[in-house]
Amino acid sequence: MNYQKPRGTQDILPSESKKWQYLENEIRKITNLYGFGEIRTPIFEHTEVFKRENDSSDVVNKEMYTFTMNKTSLTLRPEQTASVVRSYVENKLYGVSELPLKLFYIGPQFRHERPQKGRLRQFHQFGTEILGARNPFLDVECIALGYTLLQKLGLKSLKVLLNTLGDKESRETYRDALQKHFSPVIHEYCEDCKRRLDQNPLRILDCKVDKEHLYTKNAPQIEDYLNEESKNYFEQVKQGLETLNIPYEIDSRLVRGLDYYCDTVFEVVSTSEALGSQSTIFGGGRYEKLTEYYGGPETPAVGFGMGLERVLLALELENPSLITEEGIEAYVMCLSKDLQHKAFKIVQDLRAAGFRVQGDYFSRSLKAQFKSVDKTSAKFAIILGNKEDENQSVNIKEIATQNQDSVKYSEINNYMKLKLGGN
RNA sequence: GCGAUCGUGGUGAAGUGGUUAACACAGCGGGUUGUGGUCCCGUCAUGCGUGGGUUCGAACCCCAUCGGUCGCCCCA
């Protein structure tokens with residue numbers, strides 16, 4: 001029997017987890033600046049939380065990790081917006097919170113898809129949700145937060161794609177227009193599109209199969225069906241981005257997968273090679289019917305989800321020197337088995353004083369232990385052998401200068417403090 | 001769900017039917033008994049993802065299966 005991790009999962013090993021910690025730190029810093037509080041929801045939920053009835057989306061209900069325990073159907077979260085909104089309603093946050101409520105999350109999500117570059121079965125997302133206010137500045141704030149974060153990390157080849165789906169009224173008018181437009185020729189379209197015609201004709205627009213179809217190319221544009229309110233709203237979003245000097249492109253094909261979106265939708269893609277065909281780094285938009293589904297009051301909201309694996313992929317190519325390995329401060333070498341206890345004590349005393357210290361665990365030769373000094377990039381080698389022990393002292397060698405001092409046991413910590421400062 | 005391609009030691013890899021699985025790096029030991037990073041020597045895969053099959057004989061051929069990589073679909 002040999003054990004392998006399940007397909008599409010990964011072990012994040014220390015060299016890699018360092019990058020994760022760095023990224024998560026930056027996320028915590030910026031969300032803190034923007035006034036977002038962290039929400040941690042369960043990794044699994046009742047299946048109904050994700051499998052919404054009356055949802056005409058193509059995707060919900062597919063590719064989920066669902067299992068049954070004691071006749072209860074549970075599902076590993078494939079996204080977190082649903083969980084956050086469920087939590088918002090369940091905890092009646094609309095009543096106790098100062099609105100708008102700004103939340104963020106970081107964590108693993110699960111989708112049963114075929115792995116490829118930038119796509120795993122267990123992957124990680126950072127996301128935000130702003131609940132309880134309909135204001136174009138909040139849409140802009142979302143985009144700005146994500147965009148600024150990526151810029152700060154050193155990503156350059158970013159492109160902001162923007163579109164509006166209009167408010168409910170505009171959407172319905174537009175939807176009717178699309179249905180009228182496509183109906184006569186729908187038999188020329190793919191099976192998915194035939195279904196979309198009734199369920200969600202907007203999605204025909206970004207269908208990959210039929211994107212070259214004449215009727216797709218000259219389909220009615222949403223701009224022409226926006227009512228004054230929606231037009232105005234979108235205008236303010238655009239102006240907001242311009243005020244912040246965030247370049248964007250209008251992409252009228254941008255629809256996003258779920259049909260609970262309304263008004264602003266956006267996607268930030270990387271044009272770098274690093275991401276292969278999965279180029280979206282974060283995407284999201286405004287929604288307002290989701291809270292009602294979970295039994296809460298109608299609540300306008302806006303949010304995005306960001307794929308952290310993709311951020312890391314892009315980072316590797318565009319800013320590989322972001323995280324530097326830091327050496328330890330001292331390596332304690334022990335040259336005699338009889339002295340291991342003393343060496344161990346020295347290690348622990350230095351650690352207690354706040355120094356990063358390692359020791360030898362194999363009773364290896366002097367040569368081998370010096371190699372460890374190199375590999376750990378230790379600033380000092382502390383050498384303890386019988387000769388030194390006779391004088392109740394150790395030799396401390398500064399690697400950079402090759403200088404070596406004899407230091408009494410009782411003075412080791414003071415010596416190191418003097419050399420390394422602080423603590 | 002579909003397609004392409006790959007899977008040999010800690011790492012990078014050679015080997016594509018015939019006795020002891022090349023080489024390099026790392027590791028460990030040694031080169032005058034305790035001062036390394038260069039150099040030299042020695043040592044390091046009873047096994048070639050896993051399970052079957054073909055064959056006198058398989059890492060090499062066949063089947064299945066699990067995984068990696070990339071693409072399609074999709075991307076909540």
Side-chain angles (χ1 to χ4, degrees), chain A residues 1-11 45 49-52 55-64 75-85 109-121 123 125 127 190-192 196 200 203 206-211 254-261 265 267 269 273 275-285 287 290 303-305 307 309-310 331 333-336 339 360 362-378 380-389 394-400 402-404:
Chain A
M1 186 63 201
N2 93 337
Y3 297 96
Q4 295 173 296
K5 59 188 177 317
R7 168 165 258 177
T9 63
Q10 60 185 157
D11 296 316
E45 298 265 1
V49 171
F50 305 116
K51 195 172 162 183
R52 290 178 291 273
D55 193 323
S56 62
S57 309
D58 289 343
V59 286
V60 171
N61 192 7
K62 280 163 60 180
E63 333 226 290
M64 301 204 294
T75 293
L76 262 30
R77 64 184 184 208
E79 56 153 326
Q80 228 171 307
T81 300
S83 301
V84 170
V85 175
Q109 333 270 322
F110 307 84
R111 294 178 196 174
H112 189 95
E113 298 178 290
R114 194 72 176 269
Q116 69 186 76
K117 191 171 206 148
R119 171 191 280 179
L120 291 165
R121 288 182 172 179
F123 60 101
Q125 281 194 334
C190 71
E191 289 308 309
D192 283 333
R196 286 168 181 145
N200 192 357
R203 296 231 62 206
D206 69 349
C207 175
K208 299 284 194 312
V209 183
D210 296 312
K211 64 181 172 191
L254 183 62
V255 174
R256 307 272 316 152
L258 288 190
D259 69 350
Y260 56 63
Y261 283 108
V265 291
E267 222 166 81
V269 302
E273 300 284 299
L275 292 189
S277 61
Q278 307 299 313
S279 59
T280 302
I281 296 186
F282 74 94
Y287 55 93
L290 216 42
F304 70 77
E309 277 81 1
R310 293 181 187 179
Y331 188 95
M333 296 166 57
C334 179
L335 303 178
S336 160
L339 297 172
D360 177 68
F362 298 104
S363 306
R364 288 128 79 222
S365 67
L366 181 84
K367 183 174 174 174
Q369 292 192 48
F370 258 117
K371 282 190 180 175
S372 291
V373 172
D374 272 342
K375 274 198 295 198
T376 54
S377 306
F380 290 87
I382 298 179
I383 304 159
L384 174 58
N386 289 319
K387 285 185 201 166
E388 289 80 9
D389 185 51
V394 294
N395 283 329
I396 300 184
K397 180 173 185 175
E398 185 170 13
I399 303 304
Q402 298 281 307
N403 286 338
Q404 185 166 298

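Note that the structure is a prediction, hence the values are computed from the model and not measured.
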### Message
Please give the distance between the P atoms of U65(B) and C70(B) as a whole number of Å.
### Response
23 Å
### Message
Starting the side chain at C-beta, find the nucleotide from G29(B), C70(B), C73(B) nearest to Lys117(A).
### Response
C70(B)
### Message
Measure CZ/Arg256(A) against P/C75(B) and give the value in whole Å, please.
### Response
10 Å
### Message
Whether Arg7(A) contacts G68(B) is assessed here as follows: a side-chain N or O lying under 4.0 Å from the phosphate OP1 or OP2. Is that the case?
### Response
yes
#### Entry: Pairing of Glu267(A) and Arg256(A) as salt bridge, 4.0 angstrom limit
yes
### Task
Counting heavy atoms from C-beta on, name the nucleotide in C28(B), C73(B), A76(B) closest to the side chain of Arg364(A).
C28(B)
### Query
Can you tell me if the side-chain N/O atoms of Ser277(A) get under 4.0 Å from OP1 or OP2 in C72(B)?
yes
### Nearest-angstrom distance, C1' atom, G57(B) to U19(B)
10 Å
### Query
Hey, is the side chain of Arg114(A) poking within less than 4.0 Å of OP1 or OP2 on C72(B), counting only N and O atoms?
no
### Message
Is the phosphate of C70(B) approached by Gln116(A) (side-chain N or O, under 4.0 Å from OP1 or OP2)?
### Response
no
### Message
Checking the side chain of Arg310(A) only, and the main-chain atoms of Gly118(A) only, is there a donor and an acceptor separated by less than 3.5 Å?
### Response
yes
### Message
With a 3.5 Å cut-off and heavy atoms only, can you find an N or O donor on one side and an acceptor on the other between the side chain of Lys367(A) and the base of G30(B)?
### Response
yes
#### Entry: Nearest-nucleotide pick for Arg111(A), side chain only, options being G34(B), A76(B), G29(B)
A76(B)
### Query
Among G34(B), C75(B), A76(B), which nucleotide sits nearest the side chain of Glu79(A)?
A76(B)
### Message
By nearest atom, which of the nucleotides G34(B), G30(B), C74(B) is closest to the Ser365(A) side chain?
### Response
G30(B)
### Query
Between Tyr261(A) and Tyr287(A), how do the two ring planes meet: parallel, tilted or perpendicular, split at 30° and 60°?
perpendicular
### Query
So does Gln10(A) have more than 12 non-hydrogen atoms from other groups sitting under 6.0 Å from CD?
yes
### Query
When rounded to the nearest Å, what value does the distance between C1' atoms of G68(B) and U50(B) take?
15 Å
### Task
Would you write the dot-bracket representation of RNA chain B, where each base gets (, ), [, ], | or . depending on whether it forms a Watson-Crick or G-U pair under 3.5 Å and with which partner?
((((((((.[[[..)..(....]]].(((((.......))))).....[[[[[..)....]]]]])))))))....
### Message
Counting distance alone, no hydrogens or angles: does the base of G34(B) have a donor or acceptor under 3.5 Å from a partner atom on the side chain of Glu388(A)?
### Response
yes
### Task
Rounded to whole angstrom, note down the P distance from A24(B) over to G18(B).
24 Å
### Message
Heavy atoms from C-beta onward define the side chain here; which of C28(B), U35(B), A76(B) lies closest to that of Phe370(A)?
### Response
U35(B)
### Task
Report the distance from atom CG of Leu76(A) to atom P of A76(B), rounded to the nearest whole Å.
18 Å
### Query
Quick one: Glu63(A) CD to G1(B) P, roughly how many Å, whole number?
9 Å
### Message
Taking Ser372(A)'s backbone N and O only, do any of them form a donor-acceptor pair with Thr376(A)'s side chain (distance below 3.5 Å, no angle check)?
### Response
yes
### Task
Compare all side-chain heavy atoms of Ile281(A) with those of Phe304(A) and state whether any distance is below 4.5 angstrom.
no
### Message
Rounded to whole Å, please give me the gap between CD in Glu267(A) and C1' in C74(B).
### Response
13 Å
### Task
Choose from C73(B), A26(B), C74(B) the nucleotide whose nearest atom is closest to any side-chain atom of Lys375(A).
A26(B)
### Message
Using the side-chain heavy atoms of Gln4(A), tell me which of these nucleotides is nearest: G71(B), G7(B), C73(B).
### Response
G7(B)
### Query
Is there a side-chain polar atom (N or O) of Thr81(A) under 4.0 Å from OP1 or OP2 of A76(B)?
no
### Query
What distance do Phe370(A) atom CZ and Lys375(A) atom NZ have between them, rounded to the nearest 0.5 Å?
15.0 Å
#### Entry: Pairwise P distance, G10(B) and G49(B) [rounded to whole Å]
13 Å
### Query
Quick one: does Gln404(A) reach the base of U35(B) with a side-chain donor-acceptor pair under 3.5 Å?
yes
### Query
Considering only side-chain heavy atoms of Gln402(A), which listed nucleotide, C2(B), A76(B), G37(B), is closest?
G37(B)
### Task
Using the C1' atoms only, state how far G12(B) lies from A64(B), rounded to an integer number of Å.
30 Å
### Query
Nearest-Å distance, NZ (Lys397(A)) to P (G34(B))?
15 Å
### For atom CD of Gln125(A) and atom C1' of A76(B), their distance in whole Å
9 Å
#### Entry: C75(B) OP1/OP2 closer than 4.0 Å to side-chain N/O of Arg310(A)
no
### Query
Is a donor on one side and an acceptor on the other found under 3.5 Å between the side chain of Arg121(A) and the backbone of Glu113(A)?
yes
### Query
Do the non-hydrogen side-chain atoms of Thr75(A) and Lys51(A) ever get within less than 4.5 Å of each other?
no
### Task
Could you check which of C74(B), U35(B), A76(B) has an atom nearest any side-chain atom of Tyr261(A)?
A76(B)
